[in-house]
Amino acid sequence: IGVTGVQTYALPICSFYLRPGLMTEHFGISSDYRKPFALDMFVSFTTNKDALFDRWITISPILRVSDKLLINHSFTFEYISNDKGFASSDIQNIYFGRRNITSIENAFTGRYLFKNNLSLNMWLRHYWMKGIYNKYYTLGNDGRLNDNDTYTGKNDFNFNSFNVDLTFNWEFAPGSNLSMVWKNAITNENSAIMQSYIRNFRETLDAPQLNSFSLRILYYLDYQNLKSRFRKHI
């Protein structure tokens, strides 16, 4: 397009949106992973000339209980104020909205090593994102947004994703592996904005769930060994 610092987004109805360039700063620290307790922390700030302000922080404590048990928790919080994004469209217009977006992610991983060739792994994650619109715009043919005070649509959203993976691994022979995996997945989205994390989490667990179980066996065959044994019996 020939404009420095501008991002282009393809949208329906053969149109496009010009978004001001972003400026981001990142900071991070990590402690000694050789210790029984370690900590990672990362912070990010993003702004643009449209008053967008994105704050993002991740804290990840790592606990090595023993040589057999390792536990890791990752907590991420993000709050974006004055974000402008797609809201809806009709035959004639594309509507954008200015919204505040909050997201929280909690992820737990754990590994227990029974033996060097026998382990149990768990991964649990809950992701919550909610967005509240406070102003709407109409996308112009030049890729810029025009104020719209007549749009009456409601586009607030409350999205949840909850996943659990439990994996049992056994290397019963060199290069040969048996793996059993149980997966639980929940996805829920509506327009009812929740203020309480606990209440939101409880309603997520009450939503329909998808459970699956898989078994995989991988067996390594030594072709040269089989070939020599076969020749001995001829």
Side-chain angles (χ1 to χ4, degrees), residues 24-46 54-80 101-131 158-189 194-220:
T24 302
E25 296 179 345
H26 298 280
F27 306 92
I29 60 172
S30 294
S31 63
D32 190 347
Y33 291 163
R34 296 171 298 179
K35 303 293 184 180
F37 178 80
L39 181 68
D40 291 336
M41 184 170 72
F42 301 95
V43 179
S44 173
F45 301 97
T46 300
D54 183 356
R55 310 89 158 162
W56 174 82
I57 182 172
T58 293
I59 301 174
S60 300
I62 305 169
L63 179 62
R64 183 176 288 103
V65 181
S66 67
D67 292 338
K68 295 181 178 294
L69 180 60
L70 178 69
I71 300 174
N72 181 19
H73 171 224
S74 177
F75 170 80
T76 300
F77 175 82
E78 183 177 21
Y79 180 69
I80 310 174
I101 299 175
T102 305
S103 64
I104 298 175
E105 180 185 54
N106 275 292
F108 292 87
T109 58
R111 181 184 184 188
Y112 188 81
L113 193 65
F114 298 97
K115 298 180 181 179
N116 290 336
N117 64 341
L118 193 66
S119 65
L120 182 65
N121 298 274
M122 185 196 72
W123 176 72
L124 185 151
R125 174 182 178 266
H126 174 230
Y127 178 74
W128 176 28
M129 174 186 280
K130 61 179 180 179
N158 193 84
F159 173 81
N160 282 272
S161 176
F162 179 78
N163 301 88
V164 179
D165 287 9
L166 193 63
T167 306
F168 175 81
N169 282 306
W170 176 32
E171 187 178 355
F172 55 88
S176 302
N177 181 267
L178 182 147
S179 176
M180 292 185 293
V181 181
W182 170 67
K183 292 178 176 288
N184 174 268
I186 303 173
T187 300
N188 184 31
E189 182 175 9
M194 295 289 181
Q195 301 300 329
S196 168
Y197 182 89
I198 299 299
R199 181 183 174 187
N200 174 77
F201 184 66
R202 287 176 178 172
E203 293 201 6
T204 299
L205 295 181
D206 290 336
Q209 304 183 19
L210 177 64
N211 288 276
S212 65
F213 179 81
S214 63
L215 174 65
R216 187 184 70 172
I217 300 176
L218 180 66
Y219 188 74
Y220 173 72

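Basis for what follows: all heavy atoms, side chains included, without hydrogens, waters or symmetry-related copies.
- Shown here is D206, whose CG atom has more than 12 heavy atoms of other residues, nucleotides or ligands within 6.0 Å.
- Other residues, nucleotides and ligands place no more than 12 heavy atoms under 6.0 Å from the OH atom of Y219.
- Scanning for side chain to side chain contact (heavy atoms under 4.5 Å, CB included) contacts around T102 gives F77, Y79, K130, with sequence neighbours left out.
- By the 4.5 Å heavy-atom criterion applied to side chains, N121 and D165 are not counted as neighbours.
- M180 CE: more than 12 foreign heavy atoms inside a 6.0 Å radius.
- In this structure, a donor-acceptor pair under 3.5 Å is absent between the side chains of S161 and T187.
- Other residues, nucleotides and ligands place more than 12 heavy atoms under 6.0 Å from the CG atom of D32.
- Nearest approach of N177 to E171, heavy atoms of both residues: ND2-N, 4.0 Å.
- If you check the side chains of T167 and N169, you find no donor sitting under 3.5 Å from an acceptor.
- Shown here is W170, whose CH2 atom has no more than 12 heavy atoms of other residues, nucleotides or ligands within 6.0 Å.
- How far OG of S196 is from CD of E203: 9.5 Å, rounded to the nearest 0.5 Å.
- Taking every heavy atom of both residues into account, Y220 and S176 meet most closely at N-OG, 2.8 Å.
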Which atom pairs, one a donor and one an acceptor, fall under 3.5 Å between side chains of residues 104-111 and the rest of the protein, sequence neighbours left out?
unit_1, atom_1, unit_2, atom_2, d
E105, OE2, R125, NE, 2.5
E105, OE2, R125, NH2, 3.1
N106, OD1, H73, NE2, 2.9
N106, ND2, Y197, OH, 3.1

